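What follows is a short report on a single structure.
Since the structure is predicted, the reported quantities are computational estimates derived from the model, not experimental observations. Order of listing sets the numbers, starting from 1, for every ligand and every atom in it.
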Amino acid sequence: MAGKIVILTGAGLSAESGLGTFRDEDGLWARHRIEDVATPQGFARNPQLVHDFYNARRVQAADASLNPAHLALAQLQEHWPDEVVIVTQNVDGLHEKAGAQALHMHGELSRARCAACDATWQAPPQMTPQTPCPACHSPAARPDVVWFGEIPYHMDQIADHLADCSLFAAIGTSGQVYPAAGFVQEARAAGASTIEINLEITDVSRAFDSRRIGPASQAVPDWVA
Ligand SMILES: CC(C)NC(=O)[C@H](Cc1c[nH]c2ccccc12)NC(=O)[C@H](CCCC/N=C(/NCCC(=O)O)S[C@H]1O[C@H](COP(=O)(O)OP(=O)(O)OC[C@H]2O[C@@H](n3cnc4c(N)ncnc43)[C@H](O)[C@@H]2O)[C@@H](O)[C@H]1O)NC(=O)OCc1ccccc1
């Protein structure tokens with residue numbers, strides 16, 4: 001197979017696993033202000049509020065079950081291990097639970113990071129503003145997720161994969177958060193063909209050559225087959 005397949009996933013991939021998306025009417029952002037729970041400024045203002053937000057999501061994600069879309073992508077990657085690259089905006093561990101490897105550009109709920117010394121470690125289920133860093137022992141633990149205004153992870157690796165991809169797919173993402181929403185343009189610039197898989201048309205649909213409209217649990221296995 002010539003060239004890489006780069007697959008970008010978003011909250012819609014895990015929606016049928018019971019994990020709320022961000023922008024649906026009862027989504028995460030309907031119940032929480034981004035400024036309060038997903039920015040460094042919000043964390044500085046009220047770390048307990050932010051820990052409560054991520055502690056709840058960490059428990060939910062740990063209890064969430066895989067859906068056929070996670071399994072289909074894991075099988076595709078198992079078949080073409082050197083070609084299939086999964087880049088996820090999701091902080092849940094469902095790709096790994098399905099046996100796949102994914103580049104977590106926005107971090108992982110299962111990891112913690114020290115706001116003082118940048119050490120990272122496996123997050124305990126519940127974190128508080130007193131949770132100590134195992135490296136510098138300062139009470140500066142935060143969820144190891146990328147907040148708004150922070151630089152996403154693995155950007156160089158992702159740019160290399162996009163520059164060398166022949167097929168780019170975006171699954172279950174609304175295309176409203178950058179730089180992820182701009183990856184389709186980078187892939188097109190590299191000559192890749194592009195497909196969007198989503199329940200509905202999104203803000204970036206016109207950037208894609210083709211699309212499959214439907215729930216990921218059906219549309220992804222059909223696309224992979
Ligand atoms: C709001 C937006 C306008 N703001 C931004 O994009 C900002 C600012 C910005 C930067 N560049 C810009 C350019 C223009 C405008 C603004 C900006 N970006 C940043 O701050 C980023 C950091 C952004 C990361 C923030 N952290 C998250 N998450 C971690 C925490 C957490 O999870 O709590 S973002 C978070 O929200 C986003 C949610 O989007 P989706 O996953 O798409 O979910 P959503 O609910 O929106 O949509 C769900 C979709 O699924 C579909 N769906 C639902 N059910 C199903 C189903 N069953 N099947 C199929 N599809 C389904 C729905 O139809 C829908 O389309 C994800 O990225 C998710 O990770 N940092 C940065 O730019 O640094 C500099 C830089 C950049 C490049 C290189 C160097 C430096």
Side-chain angles (χ1 to χ4, degrees), residues 7-43 49-58 60-61 64 66-70 72-73 87-95 102-111 113 123 142-159 162 169-186 195-205 208 211-223:
I7 301 171
L8 173 69
T9 64
L13 188 83
S14 299
E16 295 163 86
S17 296
L19 299 183
T21 66
F22 292 77
R23 282 175 180 73
D24 286 349
E25 56 277 352
D26 65 342
L28 285 167
W29 297 149
R31 288 174 278 131
H32 306 275
R33 280 168 19 96
I34 287 182
E35 296 76 12
D36 294 343
V37 295
T39 65
Q41 299 78 4
F43 185 65
L49 176 79
V50 174
H51 280 304
D52 294 347
F53 176 65
Y54 287 100
N55 288 344
R57 291 176 62 194
R58 193 174 297 111
Q60 259 193 330
L66 298 174
N67 72 61
H70 297 110
L73 294 179
V87 177
T88 190
Q89 300 166 81
N90 298 345
V91 292
D92 66 53
L94 296 182
H95 279 303
L103 292 171
H104 283 262
M105 69 180 294
H106 292 163
E108 299 173 76
L109 285 169
S110 62
R111 305 282 306 164
R113 179 150 60 95
R142 56 164 282 178
D144 188 14
V145 297
V146 176
W147 285 325
F148 288 92
E150 296 184 323
I151 298 173
Y153 293 156
H154 313 298
M155 287 305 292
D156 300 346
Q157 245 183 307
I158 293 168
L162 288 169
I171 305 174
T173 183
S174 61
Q176 296 185 21
V177 172
Y178 287 79
F183 290 168
V184 61
Q185 300 299 353
E186 290 181 53
I195 181 169
E196 184 179 50
I197 301 178
N198 197 297
L199 262 186
E200 61 190 22
I201 293 296
T202 70
D203 290 11
V204 289
S205 291
F208 291 83
R211 66 191 46 75
R212 285 172 181 245
I213 300 291
S217 65
Q218 287 157 26
V220 175
D222 294 353
W223 173 62

- Please step through salt bridge (Lys or Arg N to Asp or Glu O under 4.0 Å) for the pair Glu150 and Arg142, ending with a clear verdict. CA-CA 14 Å; Glu150 296 184 323; Arg142 56 164 282 178; 2.8 Å; yes

For ligand 1, the portion of [X] having any non-hydrogen atom under 4.0 Å away:
X: Arg57; answer: side chain
X: Ala38; answer: neither
X: Glu16; answer: side chain

Option set [options], criterion heavy-atom distance to [atom], minimum:
atom: atom 42 (O) of ligand 1; options: Val91, Thr173, Val177, Ile201; result: Thr173
atom: atom 51 (C) of ligand 1; options: Asn198, Ile213, Leu199; result: Asn198
atom: atom 48 (C) of ligand 1; options: Gly175, Ala180, Gly172; result: Gly172
atom: atom 41 (O) of ligand 1; options: Ala11, Pro215, Gly214; result: Ala11
atom: atom 78 (C) of ligand 1; options: Met105, Met155, Glu196; result: Met155

- Answer with yes or no whether Gly149 contacts ligand 1, where contact means a heavy atom under 4.0 Å from a ligand atom.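 Heavy atoms of Gly149 do come under 4.0 Å of ligand 1.
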
- Query: Is any side-chain heavy atom of Ile213 closer than 4.5 Å to a side-chain heavy atom of Glu200?
  - Reply: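 Heavy-atom side-chain distance check fails, nothing below 4.5 Å.
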
- Can you tell if the side chain of Pro143 reaches within under 4.5 Å of the side chain of Arg57, non-hydrogen atoms only?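 Pro143 vs Arg57: side chains apart.
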
By number and element, which atoms of ligand 1 are closer than 4.0 Å to a non-hydrogen atom of [X]?
X: Gln176; result: 2 (C), 3 (C)
X: Ala15; result: 54 (N)
X: Glu200; result: 63 (O)
X: Thr21; result: 45 (O)
X: Gly10; result: 41 (O)

- Task: Please determine which of Leu103, Leu162, Ile7 meets the side-chain contact (heavy atoms from CB on, under 4.5 Å) test together with Val87.
- Result: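 Passing option: Leu103.
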
Looking only at protein heavy atoms, identify the closest one to [atom] and say how far it is in Å.
atom: atom 1 (C) of ligand 1; result: Phe148 CE2, 3.9 Å
atom: atom 10 (C) of ligand 1; result: Tyr178 CB, 4.0 Å
atom: atom 66 (C) of ligand 1; result: Gln89 OE1, 3.5 Å
atom: atom 30 (C) of ligand 1; result: Tyr54 OH, 3.5 Å
atom: atom 70 (N) of ligand 1; result: Glu150 O, 2.8 Å
atom: atom 52 (N) of ligand 1; result: Gly12 CA, 3.6 Å
atom: atom 79 (C) of ligand 1; result: Ile151 CG2, 3.8 Å
atom: atom 47 (O) of ligand 1; result: Ser174 CB, 3.3 Å

Which atoms form the tightest heavy-atom contact between [X] and [Y], and what is the distance?
X: Leu19; Y: Leu94; value: CD1-CD1, 3.9 Å
X: Ala123; Y: Arg58; value: CB-NE, 3.9 Å
X: Thr21; Y: Ala15; value: CG2-CB, 3.9 Å

Distance-only N or O hit between ligand 1 and [X], under 3.5 Å:
X: Ala216; result: yes
X: Val145; result: no
X: Thr202; result: no
X: Trp147; result: no

- Message: Students often mix this up, so state it plainly: with edges at 30° and 60°, are the rings of Phe43 and His51 parallel, tilted or perpendicular?
- Response: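 Correct class here is perpendicular.
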
- Query: With distance as the sole test, does Glu16 use its side chain to make a donor-acceptor pair with the main-chain N or O of Pro215 at under 3.5 Å?
  - Reply: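 No; judged by distance alone, with no hydrogens or angles, the pair does not exist.
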
- Message: Aromatic contact between Phe53 and His32, with the criterion being ring centroids under 6.0 Å apart: yes or no?
- Response: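 When the ring centroids of Phe53 and His32 are compared, they turn out to be within the sub-6.0 Å range.
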
Do [X] and [Y] have side-chain N/O donor and acceptor atoms under 3.5 Å apart?
X: Asp144; Y: Tyr153; result: yes
X: Ser217; Y: Asn67; result: no
X: Ser14; Y: His70; result: yes
X: Thr88; Y: Thr9; result: yes

- Message: For atom 8 (C) of ligand 1, is there a protein heavy atom at a distance under 4.0 Å?
- Response: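 No, because not a single protein heavy atom sits under 4.0 Å from atom 8 (C) of ligand 1.
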
- Message: I'd like to know if atom 16 (C) of ligand 1 has any protein heavy atom within a distance of less than 4.0 Å.
- Response: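 Under 4.0 Å from atom 16 (C) of ligand 1, zero protein heavy atoms found.
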
- Is the number of heavy atoms from other residues, nucleotides or ligands within 6.0 Å of CG (Asp156) greater than 12?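 Counting neighbours around CG of Asp156, 12 or fewer heavy atoms of other residues, nucleotides or ligands fall under 6.0 Å, so no.
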
- Message: With rounding to the nearest 0.5 angstrom, report the CG to CG distance, Leu66 to Leu73.
- Response: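 If I round to the nearest 0.5 Å, the distance is 11.0 Å.
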
